[in-house]
There are 2 protein chains.
Amino acid sequence: MTTIHPVILCGGGGTRLWPKSRLHIPKPFQVLTGESTLFEQALARVSGPDFAKPIVIAGKPHVDFILKQAGRRGVDELIVEPEAKNTAPAIALAAARLDPQTIMLVCPSDHYIADVEAFHSAIGNAVSLAEAGWLVTMGINPTAPETGFGYIERGEELGTGAFRVERFVEKPDRSTAHSFLKRGTFSWNSGIFVFRAGDFLQELSTHRPEMAKAIGVSVAEGSLTSTCFHPAATPFAAIAGESIDYAVMENAKKVAVVPVSMGWSDIGNWQALHDAQVKDESGNASNGQSELVDCENVFTMSDGPRVSAVGLKDVVIVVDGGEVLVLSTASAQKVGQLKGAKGQ
Amino acid sequence: MTTIHPVILCGGGGTRLWPKSRLHIPKPFQVLTGESTLFEQALARVSGPDFAKPIVIAGKPHVDFILKQAGRRGVDELIVEPEAKNTAPAIALAAARLDPQTIMLVCPSDHYIADVEAFHSAIGNAVSLAEAGWLVTMGINPTAPETGFGYIERGEELGTGAFRVERFVEKPDRSTAHSFLKRGTFSWNSGIFVFRAGDFLQELSTHRPEMAKAIGVSVAEGSLTSTCFHPAATPFAAIAGESIDYAVMENAKKVAVVPVSMGWSDIGNWQALHDAQVKDESGNASNGQSELVDCENVFTMSDGPRVSAVGLKDVVIVVDGGEVLVLSTASAQKVGQLKGAKGQ
């Protein structure tokens with residue numbers, strides 16, 4: 001198989017995992033599932049003979065975490081974004097640092113994937129398409145009528161397990177999400193992409209010529225210090241931030257989706273994190289000292305104090321940094337409304 | 001009205017309010033409702049022109065709390081029990097320190113009474129009976145088929161709001177409790193008693209002669225230091241501990257009950273404590289820093305850390321001394337099963 005160049009995006013913030021994602025330790029760099037951080041898991045998933053050493057793209061506050069957690073294998077290059085401009089410019093920076101023929105595998109750093117074998121198999125399909133000039137997005141087979149994700153509708157089949165993208169759909173309302181789930185021709189937009197660096201930059205030049213030009217200047221005038229590449233800040237600052245979906249994927253001609261079921265979660269809130277835990281026969285999971293009596297589907301996470309729970313169902317309990325949060329699993333999306341989550 | 005001599009019992013332990021009732025601060029001496037401790041509230045309820053200064057009975061570990069919380073008015077005498085022997089010996093000690101004609105009002109120190117006027121009015125009824133030689137128990141009009149309380153069945157009416165006791169019933173099962181509630185002739189046994197000191201001691205001599213004798217010796221050989229009376233330990237140690245109900249009330253001839261509705265709670269568990277709080281229009285109550293979103297009938301209590309709750313119903317959250325407890329209100333009786341509550 002062609003060598004694949006992983007590009008790991010460390011961006012985003014999010015308040016829905018408060019209080020765990022505060023204290024300046026962003027979500028990718030915390031141990032939330034299993035024994036390693038989400039970033040460490042993201043790196044581990046793209047190591048092996050098929051993969052080059054990864055490019056990582058992040059802001060300055062993340063650099064120390066990344067260099068520490070990248071471990072012995074290290075990174076090919078750490079691109080330090082002068083400021084956050086959403087995914088299109090970040091991915092363009094990486095593409096501009098690579099040979100145009102290189103197959104890029106773009107992955108978020110803060111997702112969870114239970115079935116890594118399925119992930120690798122889907123990458124195989126995607127790479128074949130990328131070699132034929134397609135921009136490929138990985139689609140997650142939906143398991144619920146989620147309203148927090150974008151959806152992708154499949155068009156004609158392009159080969160085993162791959163389809164032309166019919167259309168991208170923004171986060172739908174509940175009844176639309178239900179109908180998508182029922183029709184069975186929709187995937188969740190995972191934010192995982194496979195394409196040749198040159199193909200991506202060409203499409204960017206076509207649809208966002210100013211962004212493409214600014215990226216070019218920012219990279220040409222950037223500086224390399226050890227493994228850290230610093231794009232020039234001034235041209236980068238002029239870019240209008242935009243997601244890869246808006247800037248490129250929704251406009252490009254040859255866009256394909258490879259649907260996959262791989263136990264994926266964006267760990268976007270406490271419910272998602274609970275789902276990604278290994279649970280006991282009552283559906284309970286604990287991270288930290290705890291005792292549960294008569295509990296069902298309860299998840300506790302504590303950075304120290306013992307958590308005792310009695311007679312609860314579908315509840316998440318988090319103790320972190322002197323804050324105590326208790327929520328019903330179904331209310332996970334509302335955590336961002338709390339004063340604490342807003343930093344008050 | 002005759003002067004009434006209050007006798008406040010500070011005994012018992014209990015693990016069902018864990019983690020709040022740990023750390024060697026027993027329940028009576030903690031602020032659990034309103035602004036003052038349950039002990040302070042118990043004292044305040046029996047101050048005024050009708051009442052003598054109270055006798056307080058407690059174990060050695062409680063002495064400092066009592067002297068500190070008794071405040072300016074102070075106590076008539078603090079009887080320091082050499083060891084805990086249940087209520088009959090404790091009350092007998094107080095009776096033996098009083099003139100036989102004195103009307104005693106025996107009250108637990110860790111109960112909550114919302115309607116103090118109703119309490120005083122019931123005492124008025126009880127005192128009239130006590131002056132006629134009756135041993136009077138205050139009965140609480142039951143509001144639910146509780147299985148955690150003893151019940152008292154009413155017999156013939158003795159005058160306005162007072163009845164001869166037909167029988168005492170131990171903690172019933174759920175269906176029996178339901179039938180008691182339906183019949184309307186049963187009260188909960190509150191542990192509040194009114195009688196003349198001499199009448200009580202005489203009945204004790206009749207039904208528990210050995211206990212009565214041992215109490216006599218223990219008081220005769222006891223010593224008074226400032227306001228603390230120390231009964232002699234050796235004769236007291238020989239006593240078989242027993243409740244006033246078993247030792248005296250169930251055996252005596254002239255036993256009356258005065259039923260009353262006074263917003264009474266024994267604050268026996270977290271549900272009872274929640275019930276005794278002033279709540280907002282959603283049934284929520286908070287003691288300490290908290291933020292509740294989409295919550296109903298939720299009670300939070302924290303000794304420091306902020307508690308945030310989202311989408312919960314009928315839940316109690318307690319943060320105390322580095323322990324975090326979350327329970328469904330309906331499971332309040334099971335808190336004692338936790339390792340933490342057992343001191344592990």
Side-chain angles (χ1 to χ4, degrees), chain A residues 15-20 22 269-271 284 286-344, chain B residues 15-20 22 269-271 284 286-344:
Chain A
T15 53
R16 286 170 301 159
L17 278 184
W18 179 87
K20 192 66 192 171
R22 51 187 213 110
N269 60 38
W270 284 109
Q271 177 168 29
N284 299 319
S286 284
N287 187 324
Q289 228 191 133
S290 76
E291 187 186 1
L292 309 186
V293 170
D294 280 350
C295 286
E296 196 184 325
N297 206 31
V298 167
F299 174 41
T300 75
M301 184 172 247
S302 172
D303 64 354
R306 169 165 58 183
V307 174
S308 302
V310 187
L312 300 176
K313 194 179 170 190
D314 300 323
V315 168
V316 176
I317 305 169
V318 188
V319 182
D320 198 85
E323 296 274 0
V324 176
L325 168 68
V326 185
L327 64 141
S328 64
T329 310
S331 303
Q333 288 290 90
K334 293 179 183 160
V335 168
Q337 294 177 20
L338 289 165
K339 283 182 202 150
K342 292 175 192 155
Q344 295 164 6
Chain B
T15 54
R16 286 170 301 161
L17 277 183
W18 179 87
K20 193 66 191 170
R22 48 186 216 112
N269 62 39
W270 284 107
Q271 177 168 28
N284 299 320
S286 283
N287 187 323
Q289 228 191 133
S290 75
E291 188 185 2
L292 309 186
V293 170
D294 280 351
C295 286
E296 195 184 327
N297 206 30
V298 167
F299 173 42
T300 75
M301 184 172 247
S302 172
D303 64 353
R306 168 164 58 184
V307 174
S308 301
V310 188
L312 300 177
K313 194 179 170 192
D314 300 322
V315 168
V316 175
I317 305 169
V318 188
V319 183
D320 198 85
E323 297 273 359
V324 176
L325 168 68
V326 185
L327 64 141
S328 64
T329 311
S331 303
Q333 289 289 88
K334 291 180 185 161
V335 168
Q337 293 177 20
L338 288 165
K339 282 184 203 150
K342 293 178 193 154
Q344 295 163 6

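The sequence lines fix the lettering, A, B, ..., with proteins before strands; numbering per chain opens at 1.
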Checklist outcome for this item: When every non-hydrogen atom of B:Leu338 is compared with those of A:Ser308, the smallest separation belongs to CD1-CB, 3.7 Å

Checklist entry - Are any side-chain N or O atoms of A:Glu291 and backbone N or O atoms of B:Lys339, one a donor and one an acceptor, separated by less than 3.5 Å? => result yes

Checklist entry - What parts of residues 324-334 of chain B touch chain A if we use heavy atoms and a cut-off under 4.5 Å? => result B:Val324, B:Leu325, B:Val326, B:Leu327, B:Ser328, B:Ser331, B:Lys334

Checklist entry - Given a strict heavy-atom distance threshold of 4.5 Å, which part of B:Val315 is in contact with chain A: side chain, backbone, both, or neither? => result side chain

Item to check | Heavy-atom pairs under 4.5 Å with chain A, option from B:Asp314, B:Val310, B:Val307 with the top count | outcome: B:Val310

Item to check | Which portion of B:Ile317 sits near chain A, non-hydrogen atoms under 4.5 angstrom | outcome: side chain

